[in-house]
Amino acid sequence: MDGSERAGGFFGNASIYIAGSIVVSILSLLTIKILTGNLSIGQYGQLSLFVQVIALTPLLISLGSEAPIGVDVIKVGPNSREFGQLVFSVLVMMTLVFGLLIITRENSLIRVFLEFIEFEEELWFRAIIVGYLIGIIKIGQSILLKTERALLLVTSRLLVAFLLLGFANLLVVGRKGGVIGAVDSYLIANATVGIIIAISLLAIFGIKFDFGVLKSSLSFSTPLIPHYVATWALISSDQFVISKQLTLEEVGIYSLGYSIASIIALVTSNASLAFSPKFMKIIKSERDNVDQINTFVRSYSYSLVVLICLFYSFTPILVEFLGSGLYTDSNDVIPLVIIGMYFQGMYMLCITPIFYDKRGVTIAIISVLSASLNIALNIILVGKYGISVAALSTAVCYSMQLFLTFWFWPASLVQRESMIGLLKSIALLLIFILIIGKVLEFGILIGTIAALVISMSVAYFTLPRIKFVMNFNPIV
């Protein structure tokens, strides 16, 4: 079934994903506004650490199983007996791992780890539960993604964001619940959607456990565990290093800047989601696919530059709105993190051929090398130079991740023109981020207007590239 049979092809799916990501971003910003307005900077920093931990626990519980599920739903089909056995077997495995983590949550080694990252045991218990629920949600969303059910996938994300906003307002504002109230908001929002998805999966795929199918799945996903943990470390390690070497207040300032910049990642990840199924079908097709892939990659890189420039123009307004004048230092972090989001966005797109080939070890090598460098730079430099160095380290290591991905790309897909085009778009990004950053120093009103004029100029000169991306309909 091609994309036109679901949501109007690539453009239709991309529109749904991007529109959904915009609404989710708005809901997330409103939630952040509630949290920063009702928690101290230090408490917001503590909550930020919890959010980073619940990004890790689903990886530990699912053992990366959403990856083979996402590949197999295309290769063997969602209606096959083997796929139904895989889904149920993964859910059983996740439940067993979840139970093991609950039982051993007070283990001495766990206590040492929690003390090292200065994380409360009460929050760890909640993090395990939320992680299990998020893991189930990711399994369901992986199936929706690869079967191109864009509207259902976006609906699940919107529901989580909407519930989080509602319960944050109820528990943090209404009941003055502080950090625990905010944490419980995450728990209730993910529990609601996780239970709905779990019931739906069981109803659709039935109860068909098969150890052989699970073992085959784990043979692919197990090498990816270092990749997922390293990816988490690449995103989250800076905040834990800041909390150890600096203060929770600086974690809060850094986290707000990072959260604002990460809106770019939300948009680019959804665009990558829209393209990923098409990318896999192009690779699987017997047609000449090299030109299609490389032309899209070049055009996408320029489109991403325009998106980032436009978004960067508004960031001082967002910092003022969300932080109420208390988080102005977050402005120093944002441009560096935004540059990192460009490299991350390109990486999420370009890693697809390697995922399709199930080269789990290669993917893990790329992520572990990038994360190791990020951790090392943070440990060495953050204590001396502050949170801006953590943001710079993020940008440097995301760029390393992207270029390593191209290094390991299938030789049949590599074109010299794509590499040159990518380098040109990177140069364009750095130049205009620098220019817009200087312009924004003129003040929120004048600076934002001038920055938007510059960004629109960039958009005008790259308009053919943008049109190509938005109208992309690959021949497969």
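By convention here, the first residue in the shown sequence is residue 1.
The list of ring pair (Phe, Tyr, Trp, His ring centres under 6.0 Å) pairs with a residue in residues 426-459, not counting sequence neighbours, is empty. Every pair passing salt bridge (Lys or Arg N to Asp or Glu O under 4.0 Å) that includes a residue from residues 169-189 is listed here, sequence neighbours excluded: Arg126-Asp184. Residue pairs meeting the side-chain hydrogen bond (donor to acceptor under 3.5 Å, both in side chains) criterion with at least one member in residues 19-30: none, sequence neighbours excluded. For residues 429-448, no residue pair satisfies the side-chain hydrogen bond (donor to acceptor under 3.5 Å, both in side chains) rule, not counting sequence neighbours. Sorted by first and then second residue, the side-chain hydrogen bond (donor to acceptor under 3.5 Å, both in side chains) pairs with a member in residues 326-336 form an empty list; sequence neighbours excluded. Residue pairs satisfying the side-chain hydrogen bond (donor to acceptor under 3.5 Å, both in side chains) criterion with at least one member in residues 311-321, sequence neighbours excluded, are listed as follows: Ser313-Ser455.
With sequence neighbours left out, Tyr342 forms a side chain to side chain donor-acceptor pair (under 3.5 Å) with Ser425. Taking the side chain to side chain donor-acceptor pair (under 3.5 Å) definition, one finds that Tyr302 meets it with nothing, sequence neighbours left out. For Gln46, the side chain to side chain donor-acceptor pair (under 3.5 Å) partners two or more places apart in sequence, or in a different chain, are Glu120. In terms of the side chain to side chain donor-acceptor pair (under 3.5 Å) criterion, residue partners of Gln344 (sequence neighbours excluded) are, by chain and number, Tyr398. By the side chain to side chain contact (heavy atoms under 4.5 Å, CB included) test, Leu152 pairs with Leu144, Arg149, sequence neighbours left out. For Tyr300, the ring pair (Phe, Tyr, Trp, His ring centres under 6.0 Å) criterion is met by Phe296, not counting sequence neighbours.
Under the 3.5 Å distance criterion, with hydrogens and angles disregarded, a donor-acceptor pair is assigned to the side chains of Gln52 and Ser236.
Exactly one residue among Leu164, Val160, Ile134 makes a side chain to side chain contact (heavy atoms under 4.5 Å, CB included) with Tyr186. That residue is Leu164. No option in Leu428, Leu429, Val458, Leu463 other than Val458 meets the side chain to side chain contact (heavy atoms under 4.5 Å, CB included) test with Val306.
The backbone N or O of Ala364 sits nowhere less than 3.5 Å from a side-chain atom of Ser367 that would complete a donor-acceptor pair. Although no hydrogens or angles enter the test, the distance criterion places no donor-acceptor pair under 3.5 Å between the side chain of Ser393 and the main chain of Val389.
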